[in-house]
Amino acid sequence: MKKLVFSHFPVAADVALLLLRVGAAVMLLTHGWSKITNYSERLNNFSDPIGLGPSLSLQLVIFAEVFCAIFLILGFMSRLFLIPLIINMAVIAFISHGDDAFNRQELPLLYLLVFVVLMLMGPGKISLDGQILKRRRY
């Protein structure tokens, strides 16, 4: 029992990274998909937090929340596609909802935390990146 509780299984870290990566990306994908399906309605009242214009701001958010999330699910070039996701969540939490109550900042801060952890840890062996690196070692 002691070995089971206090031991470290190397495969557990890769499975945990897979669950964290795929879970966060799938949940974020639902937010991005609603922005695509209601693009014209959202365009009229989308905020412009960093002065790029509402149209470009919405397009950048859709790129991060849909396309970067898909690549994160696959684990392909994960660290590169985490950069827009981290920037997106930081802008949402600290600029768009900077003056709001914590309950409005909580979700983007949670995503931000997950994406920073994934940036530091990498996608793990159970990813396309892990499989590509595995083939190059031999």
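In what follows, residues are counted from 1 in the order of the sequence shown. What's counted below: heavy atoms across the whole structure, side chains too, no hydrogens, waters or symmetry copies.
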Can you list the steps and then say if Glu65 with Met89 is a side-chain contact (heavy atoms from CB on, under 4.5 Å)?
CA-CA 10 Å; Glu65 292 182 359; Met89 290 304 134; 4.2 Å; yes

When rounded to the nearest 0.5 Å, the distance separating CG of Leu56 from CZ of Phe46 is 10.5 Å

Give, for atom CD1 of Ile86 and atom OH of Tyr111, the distance between the pair rounded to the nearest 0.5 Å.
14.5 Å

Could you walk me through whether Gln131 and Phe76 satisfy the side-chain contact (heavy atoms from CB on, under 4.5 Å) test, starting with their C-alpha distance in whole Å, then the side-chain angles of each, then the deciding distance to 0.1 Å, before giving a yes or no?
CA-CA 10 Å; Gln131 297 306 310; Phe76 182 67; over 6 Å; no

Heavy atoms of Leu72 and Ser78 approach each other most closely as CD1-CB, 4.2 Å

Let's go through Phe81 and Leu74 carefully: what are the C-alpha distance in whole Å and the side-chain angles of both, what is the deciding distance for side-chain contact (heavy atoms from CB on, under 4.5 Å) to 0.1 Å, and is it a yes or a no?
CA-CA 11 Å; Phe81 286 109; Leu74 298 172; over 6 Å; no

With rounding to the nearest 0.5 Å, note down the distance linking CE in Met77 to CD1 in Ile132.
9.0 Å

Check the pair His31 / Leu107 against side-chain contact (heavy atoms from CB on, under 4.5 Å), numbers first and verdict last.
CA-CA 12 Å; His31 293 278; Leu107 186 60; 4.0 Å; yes

Take atom CZ in Arg79; do more than 12 heavy atoms of anything else shown fall under 6.0 Å from it?
yes

Quick one: CG on Asn38 to CH2 on Trp33, what's the gap to the nearest 0.5 Å?
11.0 Å

For residues Leu29 and Ala69, report the shortest heavy-atom separation together with the two atoms involved.
CD1-CB, 4.3 Å

Path from Leu52 to Ile62 over hydrophobic side-chain contacts below 4.5 Å
no

Atom CZ of Phe67: over 12 foreign heavy atoms under 6.0 Å
no

For the CG atom on Asp99, are there more than 12 heavy atoms of other groups (residues, nucleotides or ligands in this structure) within a distance under 6.0 Å?
no

Can you tell me how far the CD1 atom of Ile50 sits from the CD1 atom of Ile95, to the nearest 0.5 Å?
6.5 Å

From Asn88 atom CG to Leu82 atom CG, the distance as rounded to the nearest 0.5 Å:
12.0 Å

Should we count CE of Met121 as having more than 12 external heavy atoms under 6.0 Å?
no

Please check: side-chain N/O of Asp14 versus main-chain N/O of Ile126, any donor-acceptor pairing under 3.5 Å?
no

